[in-house]
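Since the structure comes first, as C-alpha coordinates, the remarks are kept for the end.
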Amino acid sequence: YMHTEIPEGLKRLPGPKPLPIIGNVLEVHNNPHLSLTAMSERYGSVFQIQIGMRPVVVLSGSETVRQALIKQGEDFAGRPDLYSFKFINDGKSLAFSTDKAGVWRARRKLAMSALRSFATLEGSTPEYSCALEEHVCKEGEYLVKQLTSVMDVSGSFDPFRHIVVSVANVICGMCFGRRYSHDDQELLGLVNLSDEFGQVVGSGNPADFIPILRYLPNRTMKRFMDINDRFNTFVQKIVSEHYESYDKDNIRDITDSLIDHCEDRKLDENANIQVSDEKIVGIVNDLFGAGFDTISTALSWAVVYLVAYPEIQERLHQELKEKVGMIRTPRLSDKTNLPLLEAFILEIFRHSSFLPFTIPHCTVKDTSLNGYFIPKDTCVFINQWQVNHDPELWKEPSSFNPDRFLSADGTELNKLEGEKVLVFGMGKRRCIGEAIGRNEVYLFLAILLQRLCFKEKPGHPLDMTPEYGLTMKHKRCQLKASLRPWGQEE
Ligand code: HEM
(Lines give C-alpha, C1' and ligand atoms only; values in the text may rest on other atoms or scores of the structure.)
Protein backbone atom coordinates (compact mmCIF):
# COMPACT_ATOMS: atom_id res chain seq x y z
CA TYR A 1 0.00 0.00 0.00
CA MET A 2 2.90 2.31 0.76
CA HIS A 3 3.55 2.31 -2.99
CA THR A 4 -0.02 2.36 -4.33
CA GLU A 5 -1.23 5.27 -6.36
CA ILE A 6 -3.38 7.73 -4.48
CA PRO A 7 -6.25 8.95 -6.69
CA GLU A 8 -6.19 12.60 -7.73
CA GLY A 9 -7.41 14.96 -5.00
CA LEU A 10 -7.09 12.48 -2.12
CA LYS A 11 -4.41 12.37 0.58
CA ARG A 12 -2.25 9.51 1.83
CA LEU A 13 -3.19 8.36 5.37
CA PRO A 14 -1.00 9.68 8.19
CA GLY A 15 0.41 7.38 10.85
CA PRO A 16 3.52 6.15 12.61
CA LYS A 17 6.37 4.76 10.52
CA PRO A 18 6.25 0.93 10.51
CA LEU A 19 9.27 -1.29 11.17
CA PRO A 20 10.02 -4.03 8.64
CA ILE A 21 8.04 -7.29 9.17
CA ILE A 22 6.48 -6.38 12.53
CA GLY A 23 5.08 -2.98 11.54
CA ASN A 24 3.87 -0.98 14.56
CA VAL A 25 3.30 -3.95 16.88
CA LEU A 26 5.65 -2.56 19.54
CA GLU A 27 3.81 0.78 19.72
CA VAL A 28 0.36 -0.85 19.82
CA HIS A 29 1.54 -3.21 22.56
CA ASN A 30 -0.86 -4.81 25.04
CA ASN A 31 -3.39 -2.02 25.66
CA PRO A 32 -4.35 -1.05 22.09
CA HIS A 33 -7.31 1.08 23.25
CA LEU A 34 -4.89 3.35 25.13
CA SER A 35 -2.02 3.38 22.64
CA LEU A 36 -4.32 3.96 19.66
CA THR A 37 -6.13 6.74 21.56
CA ALA A 38 -2.76 8.41 22.18
CA MET A 39 -1.92 8.06 18.47
CA SER A 40 -5.23 9.68 17.50
CA GLU A 41 -4.17 12.77 19.43
CA ARG A 42 -1.06 12.93 17.30
CA TYR A 43 -2.29 11.80 13.86
CA GLY A 44 -5.99 12.72 13.95
CA SER A 45 -9.26 10.80 13.75
CA VAL A 46 -8.29 8.77 10.63
CA PHE A 47 -4.83 7.25 10.61
CA GLN A 48 -3.07 4.09 9.56
CA ILE A 49 -0.87 1.66 11.43
CA GLN A 50 0.67 -1.54 10.21
CA ILE A 51 0.31 -4.76 12.18
CA GLY A 52 2.87 -7.11 10.75
CA MET A 53 2.74 -6.43 7.01
CA ARG A 54 -0.93 -5.54 7.01
CA PRO A 55 -2.24 -1.96 7.01
CA VAL A 56 -5.02 -1.19 9.49
CA VAL A 57 -6.99 2.05 9.50
CA VAL A 58 -8.00 3.29 12.95
CA LEU A 59 -11.05 5.56 13.36
CA SER A 60 -11.68 7.79 16.37
CA GLY A 61 -13.84 10.81 17.10
CA SER A 62 -17.61 10.69 17.16
CA GLU A 63 -18.05 12.59 13.85
CA THR A 64 -15.56 10.49 11.89
CA VAL A 65 -17.00 7.21 13.18
CA ARG A 66 -20.51 8.40 12.31
CA GLN A 67 -19.38 9.48 8.84
CA ALA A 68 -17.84 6.04 8.13
CA LEU A 69 -20.41 3.73 9.72
CA ILE A 70 -23.59 5.65 8.91
CA LYS A 71 -23.14 8.05 6.00
CA GLN A 72 -20.72 5.70 4.18
CA GLY A 73 -22.08 2.58 5.87
CA GLU A 74 -22.06 0.37 2.74
CA ASP A 75 -18.34 0.96 2.15
CA PHE A 76 -17.33 -0.01 5.69
CA ALA A 77 -19.74 -2.89 6.36
CA GLY A 78 -17.39 -5.84 5.66
CA ARG A 79 -15.36 -8.03 8.03
CA PRO A 80 -11.66 -8.73 7.46
CA ASP A 81 -10.45 -12.32 6.96
CA LEU A 82 -8.52 -12.54 10.21
CA TYR A 83 -6.87 -15.80 11.21
CA SER A 84 -8.63 -16.20 14.58
CA PHE A 85 -12.08 -15.61 13.00
CA LYS A 86 -11.79 -18.86 11.03
CA PHE A 87 -12.10 -20.85 14.25
CA ILE A 88 -15.21 -19.14 15.54
CA ASN A 89 -18.35 -21.15 14.85
CA ASP A 90 -16.36 -23.25 12.32
CA GLY A 91 -15.79 -20.16 10.16
CA LYS A 92 -19.55 -19.75 9.74
CA SER A 93 -20.15 -17.02 12.26
CA LEU A 94 -22.66 -14.27 11.47
CA ALA A 95 -20.66 -11.67 13.37
CA PHE A 96 -17.08 -12.69 12.47
CA SER A 97 -17.16 -14.32 9.03
CA THR A 98 -16.42 -12.69 5.66
CA ASP A 99 -19.88 -13.55 4.26
CA LYS A 100 -20.70 -11.42 1.22
CA ALA A 101 -23.23 -8.65 1.74
CA GLY A 102 -26.28 -10.60 0.49
CA VAL A 103 -25.70 -13.69 2.64
CA TRP A 104 -24.77 -11.64 5.71
CA ARG A 105 -27.88 -9.45 5.34
CA ALA A 106 -30.19 -12.47 4.99
CA ARG A 107 -28.71 -14.11 8.09
CA ARG A 108 -28.80 -10.90 10.10
CA LYS A 109 -32.50 -10.46 9.29
CA LEU A 110 -33.25 -14.03 10.37
CA ALA A 111 -31.33 -13.55 13.62
CA MET A 112 -33.21 -10.35 14.42
CA SER A 113 -36.57 -11.94 13.76
CA ALA A 114 -35.73 -15.00 15.90
CA LEU A 115 -34.66 -12.72 18.78
CA ARG A 116 -37.85 -10.74 18.47
CA SER A 117 -40.08 -13.82 18.64
CA PHE A 118 -38.30 -15.40 21.62
CA ALA A 119 -37.13 -12.38 23.62
CA THR A 120 -38.85 -9.06 23.15
CA LEU A 121 -42.22 -9.82 21.55
CA GLU A 122 -44.98 -8.44 23.78
CA GLY A 123 -47.58 -10.86 25.04
CA SER A 124 -45.48 -13.97 24.37
CA THR A 125 -45.84 -15.06 28.00
CA PRO A 126 -48.85 -14.78 30.33
CA GLU A 127 -47.62 -12.93 33.46
CA TYR A 128 -44.76 -10.95 31.96
CA SER A 129 -44.50 -8.29 29.26
CA CYS A 130 -42.13 -10.50 27.20
CA ALA A 131 -40.02 -13.68 27.43
CA LEU A 132 -36.89 -11.71 28.27
CA GLU A 133 -38.56 -10.18 31.32
CA GLU A 134 -39.79 -13.58 32.50
CA HIS A 135 -36.35 -15.19 32.18
CA VAL A 136 -34.49 -12.31 33.86
CA CYS A 137 -36.96 -11.98 36.76
CA LYS A 138 -36.65 -15.71 37.49
CA GLU A 139 -32.87 -15.90 37.05
CA GLY A 140 -32.47 -12.71 39.10
CA GLU A 141 -34.31 -14.34 42.02
CA TYR A 142 -32.13 -17.47 41.70
CA LEU A 143 -29.01 -15.30 41.61
CA VAL A 144 -29.94 -13.51 44.85
CA LYS A 145 -30.52 -16.93 46.51
CA GLN A 146 -27.29 -18.31 45.08
CA LEU A 147 -25.19 -15.36 46.30
CA THR A 148 -26.72 -15.44 49.78
CA SER A 149 -26.16 -19.17 50.10
CA VAL A 150 -22.52 -18.87 48.97
CA MET A 151 -22.14 -16.04 51.52
CA ASP A 152 -23.52 -18.33 54.27
CA VAL A 153 -21.11 -21.12 53.36
CA SER A 154 -17.92 -19.25 52.34
CA GLY A 155 -18.29 -15.66 53.58
CA SER A 156 -17.47 -14.18 50.16
CA PHE A 157 -17.95 -14.86 46.43
CA ASP A 158 -16.50 -14.24 42.97
CA PRO A 159 -19.19 -12.10 41.27
CA PHE A 160 -18.36 -13.08 37.67
CA ARG A 161 -18.51 -16.81 38.45
CA HIS A 162 -22.19 -16.59 39.48
CA ILE A 163 -23.42 -13.78 37.25
CA VAL A 164 -22.21 -15.57 34.12
CA VAL A 165 -24.36 -18.64 34.90
CA SER A 166 -27.50 -16.54 35.44
CA VAL A 167 -26.92 -14.59 32.24
CA ALA A 168 -26.13 -17.77 30.28
CA ASN A 169 -29.39 -19.25 31.56
CA VAL A 170 -31.38 -16.33 30.14
CA ILE A 171 -29.94 -16.77 26.65
CA CYS A 172 -30.12 -20.60 26.96
CA GLY A 173 -33.80 -20.24 27.77
CA MET A 174 -34.44 -18.22 24.63
CA CYS A 175 -32.10 -20.17 22.31
CA PHE A 176 -32.51 -23.73 23.61
CA GLY A 177 -35.53 -23.71 25.91
CA ARG A 178 -33.55 -24.90 28.93
CA ARG A 179 -31.65 -23.70 31.99
CA TYR A 180 -28.75 -25.14 33.98
CA SER A 181 -28.08 -25.37 37.69
CA HIS A 182 -25.43 -23.07 39.19
CA ASP A 183 -23.27 -26.17 39.77
CA ASP A 184 -23.62 -27.67 36.29
CA GLN A 185 -20.05 -28.56 35.36
CA GLU A 186 -20.69 -28.68 31.62
CA LEU A 187 -22.04 -25.13 31.49
CA LEU A 188 -19.57 -23.77 34.05
CA GLY A 189 -16.64 -25.23 32.14
CA LEU A 190 -17.85 -23.44 29.04
CA VAL A 191 -18.87 -20.01 30.27
CA ASN A 192 -15.80 -19.56 32.43
CA LEU A 193 -13.65 -19.72 29.31
CA SER A 194 -14.93 -16.47 27.90
CA ASP A 195 -11.98 -14.42 29.26
CA GLU A 196 -9.55 -16.38 27.14
CA PHE A 197 -11.79 -16.21 24.08
CA GLY A 198 -11.95 -12.43 24.24
CA GLN A 199 -8.21 -12.06 24.66
CA VAL A 200 -7.55 -13.72 21.29
CA VAL A 201 -10.34 -11.98 19.35
CA GLY A 202 -9.55 -8.48 20.70
CA SER A 203 -8.56 -5.98 17.99
CA GLY A 204 -4.84 -5.98 17.29
CA ASN A 205 -3.85 -9.53 18.31
CA PRO A 206 -0.52 -9.91 16.45
CA ALA A 207 -1.24 -13.56 15.57
CA ASP A 208 -4.11 -12.36 13.38
CA PHE A 209 -1.74 -10.32 11.26
CA ILE A 210 1.68 -11.98 11.37
CA PRO A 211 1.51 -15.46 9.79
CA ILE A 212 4.74 -16.78 11.33
CA LEU A 213 3.31 -16.42 14.84
CA ARG A 214 0.78 -19.14 13.97
CA TYR A 215 3.52 -21.71 13.56
CA LEU A 216 5.38 -20.96 16.77
CA PRO A 217 4.29 -22.81 19.90
CA ASN A 218 1.57 -20.54 21.23
CA ARG A 219 -0.37 -21.56 24.30
CA THR A 220 -3.03 -18.85 23.98
CA MET A 221 -3.87 -19.76 20.38
CA LYS A 222 -4.03 -23.47 21.22
CA ARG A 223 -6.42 -22.73 24.10
CA PHE A 224 -8.47 -20.56 21.78
CA MET A 225 -8.99 -23.42 19.34
CA ASP A 226 -9.91 -25.78 22.21
CA ILE A 227 -12.43 -23.27 23.52
CA ASN A 228 -14.07 -22.91 20.11
CA ASP A 229 -14.20 -26.69 19.71
CA ARG A 230 -15.85 -27.13 23.10
CA PHE A 231 -18.28 -24.35 22.40
CA ASN A 232 -19.25 -25.76 19.00
CA THR A 233 -19.63 -29.30 20.38
CA PHE A 234 -21.87 -28.03 23.18
CA VAL A 235 -24.18 -26.18 20.76
CA GLN A 236 -24.04 -28.95 18.14
CA LYS A 237 -25.30 -31.51 20.64
CA ILE A 238 -28.27 -29.35 21.61
CA VAL A 239 -29.04 -28.61 17.95
CA SER A 240 -29.09 -32.36 17.10
CA GLU A 241 -31.50 -32.99 19.95
CA HIS A 242 -33.70 -30.22 18.54
CA TYR A 243 -33.68 -31.79 15.06
CA GLU A 244 -34.78 -35.10 16.60
CA SER A 245 -37.69 -33.63 18.54
CA TYR A 246 -38.60 -30.87 16.05
CA ASP A 247 -42.34 -30.45 15.46
CA LYS A 248 -43.42 -27.76 13.01
CA ASP A 249 -46.60 -27.14 14.96
CA ASN A 250 -44.76 -26.46 18.19
CA ILE A 251 -41.79 -24.12 17.72
CA ARG A 252 -40.24 -24.03 21.21
CA ASP A 253 -37.28 -21.70 20.95
CA ILE A 254 -34.84 -19.90 18.63
CA THR A 255 -33.18 -23.16 17.55
CA ASP A 256 -36.55 -24.60 16.48
CA SER A 257 -37.43 -21.42 14.64
CA LEU A 258 -34.18 -21.55 12.65
CA ILE A 259 -34.71 -25.24 11.80
CA ASP A 260 -38.25 -24.32 10.76
CA HIS A 261 -36.88 -21.65 8.45
CA CYS A 262 -34.69 -24.25 6.68
CA GLU A 263 -37.68 -26.57 6.22
CA ASP A 264 -39.85 -23.76 4.88
CA ARG A 265 -37.25 -22.62 2.44
CA LYS A 266 -37.00 -26.07 0.86
CA LEU A 267 -40.52 -25.51 -0.47
CA ASP A 268 -39.52 -22.18 -1.97
CA GLU A 269 -37.16 -23.05 -4.81
CA ASN A 270 -36.91 -19.51 -6.16
CA ALA A 271 -35.27 -17.99 -3.10
CA ASN A 272 -32.66 -15.76 -4.72
CA ILE A 273 -30.06 -15.87 -1.98
CA GLN A 274 -28.81 -19.36 -1.13
CA VAL A 275 -27.79 -19.82 2.48
CA SER A 276 -26.94 -23.35 3.66
CA ASP A 277 -28.89 -25.00 6.48
CA GLU A 278 -25.66 -25.06 8.50
CA LYS A 279 -25.28 -21.30 8.17
CA ILE A 280 -28.88 -20.77 9.22
CA VAL A 281 -28.96 -23.05 12.24
CA GLY A 282 -25.41 -21.88 13.09
CA ILE A 283 -26.85 -18.44 13.87
CA VAL A 284 -27.87 -19.79 17.27
CA ASN A 285 -24.19 -20.27 18.08
CA ASP A 286 -23.56 -16.52 17.57
CA LEU A 287 -26.60 -15.51 19.58
CA PHE A 288 -25.64 -17.73 22.49
CA GLY A 289 -22.00 -16.57 22.49
CA ALA A 290 -22.77 -12.85 22.12
CA GLY A 291 -25.68 -13.11 24.54
CA PHE A 292 -23.80 -14.30 27.61
CA ASP A 293 -20.30 -12.86 27.35
CA THR A 294 -21.23 -9.19 26.79
CA ILE A 295 -23.97 -9.01 29.39
CA SER A 296 -22.17 -10.94 32.12
CA THR A 297 -19.12 -8.72 31.62
CA ALA A 298 -21.28 -5.59 31.91
CA LEU A 299 -23.03 -6.83 35.06
CA SER A 300 -19.87 -7.98 36.74
CA TRP A 301 -18.31 -4.54 36.13
CA ALA A 302 -21.46 -2.91 37.50
CA VAL A 303 -21.18 -4.87 40.77
CA VAL A 304 -17.50 -3.97 41.10
CA TYR A 305 -18.29 -0.26 40.53
CA LEU A 306 -21.05 -0.47 43.19
CA VAL A 307 -18.46 -1.70 45.66
CA ALA A 308 -15.97 0.98 44.61
CA TYR A 309 -18.59 3.75 44.97
CA PRO A 310 -20.67 2.83 48.07
CA GLU A 311 -22.41 6.23 48.24
CA ILE A 312 -23.74 5.71 44.68
CA GLN A 313 -24.87 2.20 45.66
CA GLU A 314 -26.86 3.69 48.55
CA ARG A 315 -28.50 6.30 46.31
CA LEU A 316 -29.44 3.58 43.81
CA HIS A 317 -30.97 1.41 46.53
CA GLN A 318 -32.95 4.38 47.86
CA GLU A 319 -34.28 5.12 44.38
CA LEU A 320 -35.52 1.52 44.07
CA LYS A 321 -37.00 1.54 47.55
CA GLU A 322 -38.95 4.72 46.78
CA LYS A 323 -40.08 3.96 43.25
CA VAL A 324 -40.59 0.17 43.35
CA GLY A 325 -40.79 -0.58 47.05
CA MET A 326 -39.53 -3.65 48.86
CA ILE A 327 -42.48 -5.98 48.26
CA ARG A 328 -42.41 -6.87 44.58
CA THR A 329 -39.72 -7.65 41.99
CA PRO A 330 -38.81 -4.75 39.67
CA ARG A 331 -40.07 -4.96 36.09
CA LEU A 332 -39.05 -3.51 32.72
CA SER A 333 -41.87 -0.97 33.04
CA ASP A 334 -40.21 0.54 36.15
CA LYS A 335 -37.21 1.62 34.11
CA THR A 336 -38.47 5.09 33.21
CA ASN A 337 -39.02 5.80 36.93
CA LEU A 338 -35.41 4.95 37.77
CA PRO A 339 -33.32 7.69 36.11
CA LEU A 340 -30.36 7.25 38.46
CA LEU A 341 -30.13 3.55 37.62
CA GLU A 342 -30.27 4.33 33.90
CA ALA A 343 -27.58 7.00 34.36
CA PHE A 344 -25.43 4.55 36.34
CA ILE A 345 -25.64 1.95 33.53
CA LEU A 346 -24.72 4.54 30.89
CA GLU A 347 -21.75 5.60 33.00
CA ILE A 348 -20.63 1.95 33.38
CA PHE A 349 -20.79 1.59 29.59
CA ARG A 350 -18.89 4.85 29.03
CA HIS A 351 -16.31 4.69 31.80
CA SER A 352 -15.38 1.00 31.48
CA SER A 353 -15.87 0.93 27.67
CA PHE A 354 -15.57 -2.81 28.19
CA LEU A 355 -15.99 -3.31 24.44
CA PRO A 356 -13.12 -0.94 23.59
CA PHE A 357 -13.27 -1.60 19.83
CA THR A 358 -16.17 -2.91 17.76
CA ILE A 359 -15.51 -6.17 15.96
CA PRO A 360 -13.03 -5.16 13.22
CA HIS A 361 -14.60 -3.86 10.00
CA CYS A 362 -13.30 -4.03 6.43
CA THR A 363 -13.84 -1.81 3.39
CA VAL A 364 -15.77 -3.56 0.61
CA LYS A 365 -14.54 -1.15 -2.10
CA ASP A 366 -12.06 1.69 -2.64
CA THR A 367 -13.28 4.65 -0.64
CA SER A 368 -12.16 7.80 1.12
CA LEU A 369 -12.77 9.39 4.50
CA ASN A 370 -12.10 13.00 5.49
CA GLY A 371 -10.14 13.33 2.24
CA TYR A 372 -7.88 10.29 2.82
CA PHE A 373 -7.79 7.40 0.37
CA ILE A 374 -8.68 3.94 1.80
CA PRO A 375 -8.41 0.99 -0.61
CA LYS A 376 -10.81 -1.98 -0.82
CA ASP A 377 -10.22 -4.81 1.72
CA THR A 378 -8.55 -2.58 4.31
CA CYS A 379 -9.05 -3.70 7.91
CA VAL A 380 -10.64 -0.92 10.01
CA PHE A 381 -10.64 -0.61 13.83
CA ILE A 382 -13.31 1.58 15.46
CA ASN A 383 -12.01 2.95 18.77
CA GLN A 384 -15.13 3.11 20.97
CA TRP A 385 -12.99 3.68 24.08
CA GLN A 386 -11.60 6.89 22.52
CA VAL A 387 -15.09 8.23 21.72
CA ASN A 388 -16.20 7.54 25.30
CA HIS A 389 -13.18 9.34 26.77
CA ASP A 390 -12.81 12.16 24.27
CA PRO A 391 -12.27 15.45 26.19
CA GLU A 392 -13.95 17.23 23.24
CA LEU A 393 -17.14 15.35 24.09
CA TRP A 394 -17.02 14.79 27.87
CA LYS A 395 -16.27 16.91 30.90
CA GLU A 396 -13.63 15.15 33.03
CA PRO A 397 -13.81 11.92 31.01
CA SER A 398 -11.77 9.87 33.46
CA SER A 399 -13.98 10.47 36.50
CA PHE A 400 -16.84 8.06 37.21
CA ASN A 401 -19.91 10.22 37.58
CA PRO A 402 -23.43 8.94 36.72
CA ASP A 403 -24.85 12.41 37.45
CA ARG A 404 -23.42 13.61 34.13
CA PHE A 405 -26.43 11.87 32.52
CA LEU A 406 -29.06 13.49 34.78
CA SER A 407 -30.81 16.85 34.62
CA ALA A 408 -29.49 19.46 37.09
CA ASP A 409 -32.15 18.57 39.71
CA GLY A 410 -31.36 14.87 39.30
CA THR A 411 -34.93 13.83 38.45
CA GLU A 412 -34.62 13.20 34.72
CA LEU A 413 -32.36 11.29 32.37
CA ASN A 414 -30.63 13.44 29.75
CA LYS A 415 -31.29 11.25 26.70
CA LEU A 416 -29.13 13.28 24.29
CA GLU A 417 -26.13 12.94 26.58
CA GLY A 418 -26.80 9.18 26.79
CA GLU A 419 -26.79 8.81 23.01
CA LYS A 420 -23.16 9.99 22.92
CA VAL A 421 -22.02 6.76 24.60
CA LEU A 422 -20.70 4.29 22.01
CA VAL A 423 -20.74 0.60 23.05
CA PHE A 424 -23.00 -1.17 20.55
CA GLY A 425 -21.31 0.14 17.40
CA MET A 426 -23.48 2.01 14.88
CA GLY A 427 -24.83 1.69 11.35
CA LYS A 428 -25.12 -1.50 9.32
CA ARG A 429 -23.14 -3.71 11.70
CA ARG A 430 -24.68 -2.26 14.83
CA CYS A 431 -25.33 -4.86 17.55
CA ILE A 432 -28.63 -6.68 17.00
CA GLY A 433 -28.90 -7.49 20.73
CA GLU A 434 -28.84 -3.88 21.89
CA ALA A 435 -32.40 -3.74 23.23
CA ILE A 436 -31.94 -7.09 24.96
CA GLY A 437 -28.55 -6.02 26.31
CA ARG A 438 -29.79 -2.74 27.76
CA ASN A 439 -32.95 -4.26 29.25
CA GLU A 440 -31.21 -7.29 30.67
CA VAL A 441 -28.44 -5.29 32.36
CA TYR A 442 -31.07 -2.93 33.78
CA LEU A 443 -33.38 -5.63 35.12
CA PHE A 444 -30.71 -7.84 36.69
CA LEU A 445 -29.16 -4.78 38.34
CA ALA A 446 -32.51 -3.52 39.63
CA ILE A 447 -33.17 -6.90 41.26
CA LEU A 448 -29.68 -7.11 42.79
CA LEU A 449 -29.75 -3.52 44.07
CA GLN A 450 -33.16 -3.92 45.62
CA ARG A 451 -32.28 -7.09 47.52
CA LEU A 452 -28.54 -6.98 48.26
CA CYS A 453 -25.84 -4.64 49.49
CA PHE A 454 -22.38 -5.37 48.01
CA LYS A 455 -19.16 -4.71 49.91
CA GLU A 456 -15.43 -5.19 49.66
CA LYS A 457 -13.95 -8.22 51.41
CA PRO A 458 -11.54 -6.90 54.06
CA GLY A 459 -7.95 -7.57 53.02
CA HIS A 460 -8.97 -7.94 49.35
CA PRO A 461 -8.75 -4.45 47.81
CA LEU A 462 -10.38 -4.07 44.39
CA ASP A 463 -8.22 -3.93 41.29
CA MET A 464 -10.22 -2.21 38.55
CA THR A 465 -7.53 -2.38 35.85
CA PRO A 466 -9.20 -3.95 32.81
CA GLU A 467 -7.59 -6.86 31.00
CA TYR A 468 -7.60 -6.10 27.30
CA GLY A 469 -9.74 -8.18 24.92
CA LEU A 470 -12.81 -8.04 22.67
CA THR A 471 -14.67 -7.59 25.96
CA MET A 472 -12.39 -6.26 28.71
CA LYS A 473 -12.87 -7.91 32.09
CA HIS A 474 -11.90 -6.83 35.59
CA LYS A 475 -9.62 -9.17 37.49
CA ARG A 476 -11.44 -11.96 39.32
CA CYS A 477 -12.13 -10.86 42.91
CA GLN A 478 -13.87 -11.82 46.14
CA LEU A 479 -16.76 -9.67 47.43
CA LYS A 480 -19.29 -9.77 50.24
CA ALA A 481 -23.04 -9.14 50.12
CA SER A 482 -25.77 -8.82 52.73
CA LEU A 483 -29.54 -9.02 52.33
CA ARG A 484 -31.56 -5.82 52.59
CA PRO A 485 -34.69 -5.95 54.79
CA TRP A 486 -37.19 -7.53 52.39
CA GLY A 487 -40.97 -7.46 52.27
CA GLN A 488 -41.27 -4.48 54.63
CA GLU A 489 -42.96 -1.36 53.30
CA GLU A 490 -42.01 1.66 55.38
C1 HEM B 1 -22.28 -7.08 17.38
C2 HEM B 1 -21.91 -4.81 21.67
C3 HEM B 1 -25.24 -7.81 23.54
C4 HEM B 1 -25.59 -10.08 19.27
C5 HEM B 1 -21.89 -6.24 18.40
C6 HEM B 1 -20.86 -5.23 18.26
C7 HEM B 1 -20.77 -4.59 19.46
C8 HEM B 1 -21.73 -5.19 20.35
C9 HEM B 1 -19.81 -3.45 19.78
C10 HEM B 1 -20.01 -4.99 17.01
C11 HEM B 1 -20.51 -3.85 16.18
C12 HEM B 1 -19.61 -3.61 15.00
O13 HEM B 1 -18.89 -4.51 14.56
O14 HEM B 1 -19.59 -2.46 14.53
C15 HEM B 1 -22.77 -5.44 22.56
C16 HEM B 1 -22.94 -5.07 23.95
C17 HEM B 1 -23.88 -5.91 24.48
C18 HEM B 1 -24.29 -6.81 23.41
C19 HEM B 1 -22.20 -3.94 24.66
C20 HEM B 1 -24.47 -6.01 25.88
C21 HEM B 1 -24.35 -5.12 26.83
C22 HEM B 1 -25.65 -8.65 22.55
C23 HEM B 1 -26.68 -9.66 22.69
C24 HEM B 1 -26.77 -10.30 21.48
C25 HEM B 1 -25.80 -9.69 20.58
C26 HEM B 1 -27.49 -9.92 23.95
C27 HEM B 1 -27.68 -11.43 21.03
C28 HEM B 1 -28.48 -12.11 21.76
C29 HEM B 1 -24.71 -9.47 18.40
C30 HEM B 1 -24.47 -9.94 17.04
C31 HEM B 1 -23.53 -9.06 16.48
C32 HEM B 1 -23.20 -8.09 17.53
C33 HEM B 1 -25.12 -11.13 16.35
C34 HEM B 1 -22.93 -9.09 15.07
C35 HEM B 1 -23.68 -8.17 14.13
C36 HEM B 1 -23.11 -8.17 12.73
O37 HEM B 1 -21.93 -8.48 12.55
O38 HEM B 1 -23.87 -7.85 11.80
N39 HEM B 1 -22.41 -6.19 19.68
N40 HEM B 1 -23.59 -6.50 22.28
N41 HEM B 1 -25.15 -8.70 21.26
N42 HEM B 1 -23.94 -8.36 18.66
FE43 HEM B 1 -23.84 -7.36 20.43
Side-chain angles (χ1 to χ4, degrees), residues 33 59 65-66 68-70 73 76-80 82 85 88-89 92-99 101 103-120 131-132 135-136 163 167-168 170-176 194 198 201-203 253-254 282-302 345-346 348-350 352-362 379-385 387-388 421-445 469-472:
H33 59 301
L59 304 186
V65 170
R66 193 169 292 277
L69 298 189
I70 296 184
F76 288 90
R79 294 285 187 219
L82 298 185
F85 291 6
I88 304 173
N89 199 353
K92 298 190 193 68
S93 164
L94 158 66
F96 293 94
S97 83
T98 54
D99 277 342
V103 171
W104 159 70
R105 209 170 288 123
R107 297 178 79 198
R108 185 172 158 105
K109 238 176 95 186
L110 261 177
M112 292 198 289
S113 123
L115 282 179
R116 206 180 108 71
S117 308
F118 289 94
T120 51
L132 179 71
H135 288 300
V136 178
I163 288 170
V167 172
V170 171
I171 192 76
C172 275
M174 302 185 301
C175 287
F176 309 128
S194 64
V201 188
S203 293
D253 48 34
I254 290 178
I283 290 172
V284 76
N285 200 318
D286 277 84
L287 297 180
F288 177 48
F292 83 82
D293 183 43
T294 49
I295 295 176
S296 51
T297 305
L299 279 169
S300 196
W301 272 113
I345 293 168
L346 285 169
I348 298 281
F349 285 167
R350 186 197 70 82
S352 76
S353 291
F354 66 89
L355 252 138
F357 294 89
T358 67
I359 300 169
H361 286 237
C362 180
C379 178
V380 179
F381 290 174
I382 314 288
N383 193 345
Q384 302 199 115
W385 194 95
V387 172
N388 293 333
V421 179
L422 182 61
V423 272
F424 294 94
M426 51 171 74
K428 303 223 173 293
R429 284 281 182 171
R430 187 182 189 111
C431 177
I432 63 171
E434 176 169 353
I436 296 177
R438 289 187 193 271
N439 281 335
E440 191 170 338
V441 169
Y442 151 75
L443 196 49
F444 264 119
L445 260 183
L470 176 66
T471 53
M472 299 201 287

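As the structure lists them, so they are numbered: ligands from 1, and atoms in each ligand from 1. All residue numbers in this chain count up from 1 along the given sequence.
Residue-level proximity to ligand 1 for E434 is absent, since no heavy atom of it falls below 4.0 angstrom. Only the side chain of H361 comes within contact range of ligand 1, with a heavy atom under 4.0 Å; no backbone atom does. Contact annotation: for R79 versus ligand 1, heavy atoms closer than 4.0 Å belong to the side chain alone. Contacts with ligand 1 closer than 4.0 Å are made by no heavy atom of K428, backbone or side chain. Residue contacts with ligand 1, taken as heavy atom pairs separated by less than 4.0 Å, involve I171 solely via side-chain atoms from C-beta onward.
Ligand 1 lies within reach of Q384, whose nearest heavy atom is under 4.0 Å from it. Taking a 4.0 Å cut-off on heavy atoms, V423 registers as neighbouring ligand 1.
In terms of protein heavy-atom proximity, atom 16 (C) of ligand 1 is nearest to F424 CE2, 3.3 Å. What sits closest to atom 25 (C) of ligand 1 on the protein, heavy atoms only, is A290 CB, 3.5 Å. What sits closest to atom 30 (C) of ligand 1 on the protein, heavy atoms only, is I432 CG1, 3.9 Å. Atom 11 (C) of ligand 1 has its closest protein heavy atom at R429 O, 3.3 Å.
Atoms of ligand 1 found under 4.0 Å from any heavy atom of I295 (numbered from 1 in listed order, with element): 20 (C), 26 (C). Each of the atoms 2 (C), 9 (C), 15 (C), 16 (C), 19 (C) of ligand 1 lies under 4.0 Å from some heavy atom of L355. Counting atoms of ligand 1 from 1 in the listed order, those under 4.0 Å from a heavy atom of L287 are 28 (C). Within the listing of ligand 1, atoms 34 (C), 37 (O) sit less than 4.0 angstrom from a heavy atom of A95.
The shortest side-chain heavy-atom distance between L287 and I432 falls under the 4.5 Å cut-off.
Between the choices I348, T294, D99, I283, the shortest heavy-atom distance to atom 20 (C) of ligand 1 belongs to T294. Looking at C431, A119, G433 and measuring to atom 32 (C) of ligand 1, the nearest heavy atom belongs to C431.
Between I295 and E440 the shortest heavy-atom distance is CD1-OE1, 3.3 Å. Across all their heavy atoms, F288 and C172 have their closest contact at CE1-SG, 3.6 Å. Looking at every heavy atom in both residues, A77 comes nearest to R429 through O-NE, 2.9 Å. Between Q384 and L355, the closest heavy-atom pair is NE2-O, 2.8 Å. When all heavy atoms of L82 and P360 are compared, the pair lying nearest together is CD1-CG, 4.1 Å. Taking each heavy atom of F349 and R438 in turn, the nearest pair found is CE1-NH1, 4.1 Å.
Residue R108 has at least one N or O atom closer than 3.5 Å to an N or O atom of ligand 1. Polar contact with ligand 1: present for W104 (N/O pair, distance under 3.5 Å). Of the N or O atoms in R430, none lie within a sub-3.5 Å distance of an N or O in ligand 1.
D286 places a side-chain N or O within donor-acceptor distance of the main-chain N or O of L94, the cut-off being under 3.5 Å. Using modelled atom types, one side-chain atom of N388 and one backbone atom of L422 make a donor-acceptor pair closer than 3.5 Å.
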What do the steps show when you test R107 against D99 for side-chain contact (heavy atoms from CB on, under 4.5 Å), and what is the final call?
CA-CA 10 Å; R107 297 178 79 198; D99 277 342; 2.8 Å; yes
Between S97 and F85, is the side-chain contact (heavy atoms from CB on, under 4.5 Å) condition met? List the steps.
CA-CA 7 Å; S97 83; F85 291 6; over 6 Å; no
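For R108, the CZ atom counts as densely surrounded, since its 6.0 Å shell holds more than 12 non-hydrogen atoms of other residues, nucleotides or ligands.
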